[in-house]
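Notes follow once the structure below has been shown.
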Amino acid sequence: MSQPTAAADDAAPATMRAVVVTRPGDLDALQIKDVPVPVRKAGWVRIKVRAFGVNESEVTTRKGESDAEVTYPRVPGIEGVGIIDEADEDSRLHPGQQVATMMGGMGRSYDGAYAQYVTVPAAQVIPFATSLPWDVVGALPEMFQTAYGSLARGLDLKAGQTLLIRGGTSAVGLSAATIAKDLGATVLSTTRSPARAGELRAAGVDHPLVDNGTIAGQVRELMPDGVDAALELVGCSVLPDTLSTVRRHGTVCFTGALAGQWTIPDFTPFTIPGGVRLTSYGGQADDLPADVFAHQLQAIAEGRLNVPVAKVYHGLEQVRDAQAGLESGTTPGKHVVVLDD
């Protein structure tokens, strides 16, 4: 039996503006349409969207390169931040509350955050309270969840340990560096361009490394026994080299494939050096607990954590520009769209 609901004082309109992908295509496939405001189901919440990050997953959805989970027409957007508009009265959530949400099929199997309103299961909602602007908070959910989940669940990183981030100038890589430094780790991180080493230092990286495809030698010069942990964001094309940077009984966590290779042909377990552990991470919203997110927001407010924002866009009309900026790869950090209306 569904629970009675609590709604915001100002009732949601009957229709809203949303970016809809009717069929896969280029940037022109991102069409702004007037659509019905989603009706909330029991156990779900409706959020008035204030900002959202733009991600590779949404580009893949727009191009039609996602798996069978994605159907069309679809409102993309695997993450968003905003204000609770409607929720079950007996839930921990209430109208007017600041919240973040991400993942869990959002923008893939059901409509996502490229819209004025979105409905999501209550279990994948993270409440928070902050005076930080929406463009800052909007950059965080998926980026911080992936970075934090990789470090905490995938690597069990501890203060005083050494961490290598392979793919360091990506949004997740920069976030992982700031979180690891806040934890008290020593961070090595890679970039393919010597000119971008300064971006890594700005994120707190102790040892920027230029990646020419093989970095094990550079890492072993700095850490002869190898690093305690390595976060793999580039992909399977460099994974054997990354594995060779880690000390015996250290751990590599495979989280991303920026280079596009997700599998190793003719893989054998003997690729893994003796005593080195290999794990992976691809978690969900509840891997970023509310108290951890609150700590990160406070650290940002105090200047202890940096938020790598590439560019802020305003309004759904600029979603195409945001995806184009992400695809260009010329500016490090997160591309964020803020809804000002």
- prompt: Checking side chain to side chain contact (heavy atoms under 4.5 Å, CB included) for the pair Val309/Asp135: CA distance, chi angles, key distance, verdict?
  reply: CA-CA 9 Å; Val309 174; Asp135 60 313; 5.9 Å; no
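- Distance alone, capped at 3.5 Å, places no donor-acceptor pair between the Thr268 side chain and the Thr271 backbone.
- In the hydrophobic clustering of ILVMFWY residues, with side-chain heavy atoms under 4.5 Å counting as a link, Ile83 and Val81 come out together.
- Of the possible polar contacts, none joining the Arg201 side chain to the Asp206 backbone as a donor-acceptor pair under 3.5 Å is found.
- Glu142 and Thr146 are linked by a side-chain donor-acceptor pair at a separation below 3.5 angstrom, with hydrogens and angles left out of the test.
- Summarising the local packing, CZ of Arg192 is surrounded by 12 or fewer heavy atoms from other residues, nucleotides or ligands at distances under 6.0 Å.
- Of all heavy-atom pairs between Gln161 and Lys158, the closest is OE1-N, 2.9 Å.
- Taking the six-membered ring for Trp, Trp134 and Phe52 have ring centres at least 6.0 Å apart.
- The shortest distance between side-chain heavy atoms of Leu188 and Leu163 does not fall below 4.5 Å.
- Here the side chains of Val99 and Ile47 are in contact, with some heavy-atom distance below 4.5 Å.
- Note: Thr255 OG1 to Tyr281 OH = 8.0 Å, rounded to the nearest 0.5 Å.
- Side-chain contact between Cys236 and Phe254 is present, with at least one heavy-atom pair separated by less than 4.5 Å.
- Taking both residues in full, the closest heavy atoms of Tyr148 and Pro289 are given as CE2-CD, 4.0 Å, listed atom of the first, atom of the second, then distance.
- In this structure, Asp85 does not pair ionically with Lys48, as no charged nitrogen and carboxylate oxygen lie closer than 4.0 Å.
- A donor atom on one side chain and an acceptor atom on the other are found under 3.5 Å apart for Asp228 and Thr162.
- With Gln298 as the fixed residue, the side chain to side chain donor-acceptor pair (under 3.5 Å) test singles out one of Gln296, His295, Glu302: Glu302.
- A continuous path of Ile, Leu, Val, Met, Phe, Trp and Tyr side chains, each step under 4.5 Å between heavy atoms, connects Val137 with Met103, placing both in one hydrophobic cluster.
- The shortest non-hydrogen separation linking Ile179 to Ala147 is CD1-CB, 4.0 Å.
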query: Please walk me through it: do Val312 and His314 pass side chain to side chain contact (heavy atoms under 4.5 Å, CB included)?
result: CA-CA 7 Å; Val312 177; His314 292 272; 3.8 Å; yes
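- Listed for the Arg220 side chain is a donor-acceptor partner under 3.5 Å among the backbone atoms of Val246.
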- request: Report the C-alpha distance between Thr245 and Met223 in whole Å, list the side-chain angles of each, state the deciding distance to 0.1 Å, and finish with yes or no for side chain to side chain contact (heavy atoms under 4.5 Å, CB included).
  value: CA-CA 9 Å; Thr245 68; Met223 309 288 171; over 6 Å; no
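- For Glu221 (side chain) and Gln218 (main-chain N/O), no donor-acceptor pair under 3.5 Å exists by modelled atom type.
- Using a distance-only test at 3.5 Å, with no hydrogens or angles considered, a donor-acceptor pair links the side chain of Gln116 to the main chain of Arg17.
- In this structure, CE on Met143 lies 7.5 Å from OG1 on Thr178, to the nearest 0.5 angstrom.
- In this structure a side-chain-to-backbone donor-acceptor pair under 3.5 Å is missing from Thr331 to Ala310.
- Distance alone, capped at 3.5 Å, places no donor-acceptor pair between the Tyr110 side chain and the Thr119 backbone.
- No side-chain donor-acceptor contact under 3.5 Å links Arg153 and Ser150.
- Between Val120 and Val45, the closest side-chain pair of non-hydrogen atoms falls below 4.5 Å.
- Hydrophobic clustering (side-chain heavy atoms under 4.5 Å, transitive across Ile, Leu, Val, Met, Phe, Trp, Tyr) keeps Val227 apart from Val210.
- Between the side chains of Glu327 and Gln323, no donor N or O sits under 3.5 Å from an acceptor N or O.
- Thr330 and Ser328 are linked by a side-chain donor-acceptor pair at a separation below 3.5 angstrom, with hydrogens and angles left out of the test.
- Between Ala177 and Ile165, the closest heavy-atom pair is N-CD1, 3.6 Å.
- Taken from CG in Leu278 to CG in Leu239, the straight-line distance is 5.5 Å, to the nearest 0.5 Å.
- Here the side chain of Arg108 pairs no donor or acceptor atom with the backbone of Ile78 at under 3.5 angstrom.
- Side-chain contact annotation: Thr242 with Arg166, donor-acceptor N/O pair under 3.5 Å present.
- Follow the hydrophobic side-chain contacts under 4.5 Å out from Val234 and you never reach Val276; the two are in separate clusters.
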- request: Begin from the C-alpha positions of Val75 and Val19 and carry the test side chain to side chain contact (heavy atoms under 4.5 Å, CB included) through to its verdict.
  value: CA-CA 6 Å; Val75 177; Val19 174; 5.6 Å; no
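- A donor atom on one side chain and an acceptor atom on the other are found under 3.5 Å apart for Glu58 and Asn55.
- Using a cutoff of 4.0 Å between basic side-chain nitrogens and carboxylate oxygens, Asp225 and Arg248 are not scored as salt-bridged.
- When all heavy atoms of Leu174 and Pro308 are compared, the pair lying nearest together is CD1-CB, 3.6 Å.
- A donor-acceptor contact shorter than 3.5 Å is absent between the side chain of Gln318 and the backbone of Asp321.
- For the pair Tyr72/Val21, a side-chain contact is recorded, criterion being any heavy-atom separation below 4.5 Å from C-beta on.
- Tracing side-chain contacts under 4.5 Å through hydrophobic residues (I, L, V, M, F, W, Y), one never reaches Leu209 starting from Val238; they form parts of separate clusters.
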Ignoring hydrogens and angles, write down the donor-acceptor pairs under 3.5 Å from the side chains of residues 24-31, residues two or more places apart or on other chains.
from: Asp26; atom 1: OD1; to: Asp28; atom 2: N; distance (Å): 3.0
from: Asp28; atom 1: OD1; to: Arg320; atom 2: NH1; distance (Å): 3.4
from: Gln31; atom 1: NE2; to: Asp28; atom 2: O; distance (Å): 2.4

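- Rounded to the nearest 0.5 angstrom, Leu164 CG and Leu222 CG are separated by 10.0 Å.
- Inter-residue side-chain proximity for Leu339 and Leu316 is flagged as met; some heavy-atom pair is nearer than 4.5 Å.
- Residue Val20 comes nearest to Pro73 through the heavy atom pair CG1-CB, 3.9 Å, listed as atom of the first residue, atom of the second, then distance.
- Side-chain atoms of Gln145 never come within 3.5 Å of backbone atoms of Leu288 as a donor-acceptor pair (strictly under, hydrogens ignored).
- Here the OH-CG distance, from Tyr117 to Asp111, works out to 16.0 Å after rounding to the nearest 0.5 Å.
- In this structure, Leu297 CG and Thr130 OG1 are separated by 5.0 Å, a value rounded to the nearest 0.5 Å.
- Salt-bridge annotation for Glu79 and Lys334: present, with a side-chain N of the basic residue lying under 4.0 Å from a carboxylate O of the acidic one.
- Inter-residue side-chain proximity for Arg40 and Asp88 is flagged as met; some heavy-atom pair is nearer than 4.5 Å.
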